[in-house]
Amino acid sequence: MIKCHSVGLLARRGIINPSSSLIYRLLCWGEGQKQPSKTKNALGSKFKEDPTGSQSGTKRQRESTSEDRESQRDAQSMKADKQTERISVSVSHADSPKTNENAGHWSQGLKTSMQDPKMQVYKDDKVVVIKDKYPKARHHWLVLPWQSIPSLKALRTEHCDLVKHMQKVADQMIQQRPDCSSVQFRTGYHAIPSMSHVHLHVISQDFDSPCLKNKKHWNSFTTDYFIESKDVIQMLETDGKVTVKEGTSELLKLPLRCHVCRKELPTIPALKEHLKSHF
DNA sequence: GTTCTAGAAC
DNA sequence: GTTCTAGAAC
């Protein structure tokens, strides 16, 4: 049998199309990756068709404090994580209403996207690459492990090889991008991601995108909120875990500053206009 | 993560 | 008056 890596190589060289080749997918799943269960597929459809429907009964009060909202969001995400985890090991069981509710939460969207062959631009036995649904630059991919790891906080020494492989695949994506421009790329993780399931951002540094709309978007990629992949690997090797500095969330509120010349700009439109002078 | 919109800023 | 942001809601 042809090894998945070989098929991946063929795909990367354009000999076969990884996003449409059934043979490619079957071979990959035959090489150790779990075939998404019918239960998961069904949940995936639910998420796409009705992303908000299950939330109607849990509206929060406007007067709740920001701390309340933070803890509530965490609790919701964790609950949803646990549900998804449970589903993956008990696929033969009947769905409960609660299961659908949590799988449909917005923070679980990556789990659905990564399983969708239409979203996948590369995959092997360890990771899958998808295009960011709302790219913040001309090129913006996410590298996700098949293994369920909620976030950077869950990474340990045992994940070192996996994280290094994610970086290697990211480098391949950069090297094999469609255009031959000399635009720079960065590869890294958001210190405090919104979406569950650890994901490596591979993003070109033009930041030329209509989806880049606010200060949070900008600062999440241009301040230390963005932790370089190599730094994550180094932390894992030296400390056995990834530490996020206190006050990192405050970085999102910093003034808008050009990542090339460090000039401060007053608004997002002004920043976008300024970026044109560099690209 | 995004969308929506009140009200701040101009 | 318009532009833009920040925070609630999902």
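The sequence lines fix the lettering, A, B, ..., with proteins before strands; numbering per chain opens at 1.
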More than 12 heavy atoms from other groups under 6.0 Å of CG on Asp224(A): no
query: Does a side-chain heavy-atom distance below 4.5 Å link Leu155(A) with Leu162(A)?
result: no
task: Tell me what Lys253(A) touches on the nucleic acid: a base, only sugar-phosphate, or nothing, going by heavy atoms under 4.0 Å.
output: nothing
query: Hey, can you pull the residues of residues 266-279 of chain A with a non-hydrogen atom under 4.0 angstrom from DNA chain C?
result: Thr267(A), Ile268(A), Pro269(A)
query: Touch check for His140(A), heavy atoms < 4.0 angstrom, all strands: base, sugar-phosphate only, or nothing?
result: nothing
Lys215(A) NZ - dA9(B) P separation (whole Å): 12 Å
- request: Kindly write out the residues that satisfy ring-ring contact (aromatic ring centres under 6.0 Å, His included) with Trp141(A), not counting sequence neighbours, or none if the list is empty.
  value: His139(A)
message: Counting neighbours of CD on Glu228(A) that are heavy atoms of other residues, nucleotides or ligands and sit closer than 6.0 Å, is the number greater than 12?
response: yes
- prompt: Do Tyr134(A) and His217(A) have their ring centres less than 6.0 Å from each other?
  reply: no
- request: Please state how far atom CH2 in Trp218(A) lies from atom P in dT5(C), giving the value in whole angstrom units.
  value: 13 Å
message: Rounded to whole Å, please give me the gap between NZ in Lys133(A) and C1' in dT3(B).
response: 13 Å
- request: Could you tell me the separation between the CD1 atom of Ile130(A) and the P atom of dG1(B), rounded to a whole number of Å?
  value: 12 Å
message: Restricting to ring-ring contact (aromatic ring centres under 6.0 Å, His included), what partner residues turn up for His201(A), sequence neighbours left out?
response: His140(A), His190(A), His199(A), Phe221(A)
- request: Check the distance between dG1(B)'s C1' and Met119(A)'s CE and give it to me in whole angstrom.
  value: 12 Å
query: Where the side chain of His217(A) is defined as all heavy atoms beyond and including C-beta, which of dG1(B), dT2(B), dT3(B) is the nearest nucleotide?
result: dT2(B)
message: Rounding to an integer number of Å, can you tell me how far Leu252(A) CG sits from dA6(C) P?
response: 11 Å
message: When you compare the ring of Tyr134(A) with the six-membered ring of dG1(B)'s base, are the centres less than 5.5 Å apart and the planes under 30° from each other?
response: no
field: Under 4.0 angstrom between Lys213(A) side-chain N/O and dT3(B) OP1 or OP2
entry: yes
Within 6.0 angstrom of Glu264(A) CD, more than 12 heavy atoms from elsewhere: yes
query: Rounded to the Å, how far apart are Leu254(A) CG and dT5(C) C1'?
result: 16 Å
message: Tell me whether the side-chain N/O atoms of His105(A) come closer than 4.0 Å to OP1 or OP2 in dT2(B).
response: no
field: Distance, rounded to the nearest Å, where Asn214(A) contributes CG and dT3(C) contributes P
entry: 19 Å
